[in-house]
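Please read all numbers here as calculations on a predicted model, not as lab measurements.
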Amino acid sequence: MDRVAVIGASMTQFGERDGWVRDLLAEAGDACLRDAGVPSDAVDNLYVSNMGSGEFEGQTGVSNMLAHDLGMVGAYTQRVDQTSASGGAGIYAAWQSVASGASDMTLLVGGEKMTHRTTGEATDVIASLTHPVEYKHGVTLPSFAGLTARLYLDQYDAPRESLAAVAAKNHRHGVDNPHAQFRKEVSETEILESPIVADPLRLYDFCPITDGSAALLFCPESVAREYTDDYTVVSGVAGASDTHVVHERDDPTTMAGVVDSSDDAFAMADRTPDDVDVAELHDMFTILEVLQLEALGFAEPGEGWRLAPDGVTERGGRLPVNTSGGLKSKGHPLGASGVAQAYELHRQLTDDAGDRQVDAEVGLACNVGGFGNCVTTTILETP
């Protein structure tokens, strides 16, 4: 089977944007095609990763609209929704379409428009992914984050400052990302003194509400060589799920979906965690970065909190994590986030990350839906 390559990648400015999701998708899709030098009529399949265009804008049929806007009428189109892991699920779908031989050129565009709604309204849309019984009792993802963070800190005698170190590190990384929503450093003191949202987590432990879009262009490796030498290869990709009801898990601090999806992705790529040079993790809350580091095999259980304070996950550390700034600094437009993770890896692996550049040949992205309810892990490599 011919390996699946990524030959184009783009990302819009993240933050508070004018226009609607349709405009953001078209912006990223067009930029991705231009980045690859591929005409729109060469695209066979078009996937759109999006969680809530209906809920946020009252707009459905976004994949068909995008096909029209990009001049791809006739292409197969599909919207991919897997809550906040929609981007990763879109990568999996796009990879499958090429790996199966169904498509020689597949465009994936992820996007969300959220900032026109109030924080309460946006939080309510996101909370709808929880189990109906949990939702009925007012449980939100920040609630789960606070409860799990308290459990983890107590269980492993980890200092509260270790989570602040994650946020501070990602903000430092985001300063050099021209597409990031927040390009400013935040000190650990500021983080620890910010307003409480879900004890022990405070305002700066959470990612912002964001508008934005990102895109990737996939094709067989043999086709990629016709267009460019600067491409990356999807060597491993896998998805998994966990219990929908969080309190049914044996240990909420163990992200079983991350464990299962990464095990399969590593096996497919014939790689181990030690082979990864750079990672983009789903830090919707600071505690999630720590839990993913452990579930992915980068740290032993109860030891993940040490990596940020010890400088391991800094851009100059042994395992740079979230060189983009992560969701924390870059922003989290739900359907775009997983695609933007792979965009960052693609830029890093093709030596095109500018001031964020690290030395990397193997990159890993972990995109999480809900509080680990569904997960996609992707491994990208240089040819």
task: Treat each ILVMFWY residue as a node, draw an edge where side-chain heavy atoms are under 4.5 Å apart, and state whether L25 and F14 are in one component.
output: no
field: Derivation of the side-chain contact (heavy atoms from CB on, under 4.5 Å) call for V233 and L380
entry: CA-CA 6 Å; V233 173; L380 287 178; over 6 Å; no
- prompt: Looking just at side-chain N and O atoms, do Y343 and Q341 make a donor-acceptor pair shorter than 3.5 Å?
  reply: no
message: Distance alone, cut at 3.5 Å: any donor-acceptor contact between the side chains of Q181 and T210?
response: yes
- prompt: Could you state the interatomic distance from CD1 (I126) to CE (M51), rounded to the nearest 0.5 Å?
  reply: 6.5 Å
Pair T323, E344: side-chain N/O donor-acceptor within cut-off below 3.5 Å: yes
Result block: side-chain N/O donor-acceptor pairs under 3.5 angstrom for residues 211-218, not counting sequence neighbours:
residue, atom, partner, partner atom, Å
D211, OD1, M114, N, 2.6
D211, OD1, T115, N, 2.9
D211, OD1, T115, OG1, 3.3
D211, OD2, R17, N, 2.9
D211, OD2, K113, NZ, 2.8
D211, OD2, T115, OG1, 2.5
S213, OG, L24, O, 3.4
S213, OG, G110, O, 2.8

message: For the residue pair T377 / S262, report whether a side-chain donor-acceptor contact shorter than 3.5 Å exists.
response: no
Nearest-0.5 Å distance, CG of residue L108 to CG of residue N45: 11.5 Å
- prompt: Is a side-chain N or O of H171 found less than 3.5 angstrom from the main chain of K184, in a donor-acceptor match?
  reply: yes
- prompt: Taking only residues two or more places apart in sequence or in another chain, which ones pass side-chain hydrogen bond (donor to acceptor under 3.5 Å, both in side chains) with Q82?
  reply: none
With sequence neighbours excluded, residues passing side chain to side chain contact (heavy atoms under 4.5 Å, CB included) with D352: R347, T350
field: Partner set under side chain to side chain contact (heavy atoms under 4.5 Å, CB included) for D277, not counting sequence neighbours
entry: A360, E361, V362
- prompt: Who are the side chain to side chain contact (heavy atoms under 4.5 Å, CB included) partners of A122, not counting sequence neighbours?
  reply: F56, I209
field: D154: partners by side-chain hydrogen bond (donor to acceptor under 3.5 Å, both in side chains), with sequence neighbours left out
entry: none
statement: Sorted by chain and number, sequence neighbours left out, ring pair (Phe, Tyr, Trp, His ring centres under 6.0 Å) with H68 holds for none
message: Could you tell me if N50 and D81 have a donor-acceptor pair between their side chains, going purely by distance under 3.5 Å?
response: no
Distance in Å, F371 CZ paired with T243 OG1, rounded so as to fall on 0.5 Å steps: 11.5 Å
Side chains of Q59 and S53, donor plus acceptor under 3.5 Å: no
Set of residues satisfying ring pair (Phe, Tyr, Trp, His ring centres under 6.0 Å) with respect to F206, sequence neighbours excluded: F285
message: Going by side chain to side chain contact (heavy atoms under 4.5 Å, CB included), name the residues that satisfy it together with T286, two or more places apart in sequence or in a different chain.
response: L163, V166, A167, L201, D205
- prompt: side chain to side chain donor-acceptor pair (under 3.5 Å): which pairs involve residues 292-304, sequence neighbours left out?
  reply: Y152-E294, E303-R306
query: Heavy-atom distance under 4.5 Å between the side chains of Y231 and E221, does that happen here?
result: yes
task: Tell me, please, which residues at least two apart from H332 pass ring pair (Phe, Tyr, Trp, His ring centres under 6.0 Å).
output: H282
Contacts of N322 that satisfy side-chain hydrogen bond (donor to acceptor under 3.5 Å, both in side chains) - sequence neighbours left out: E289
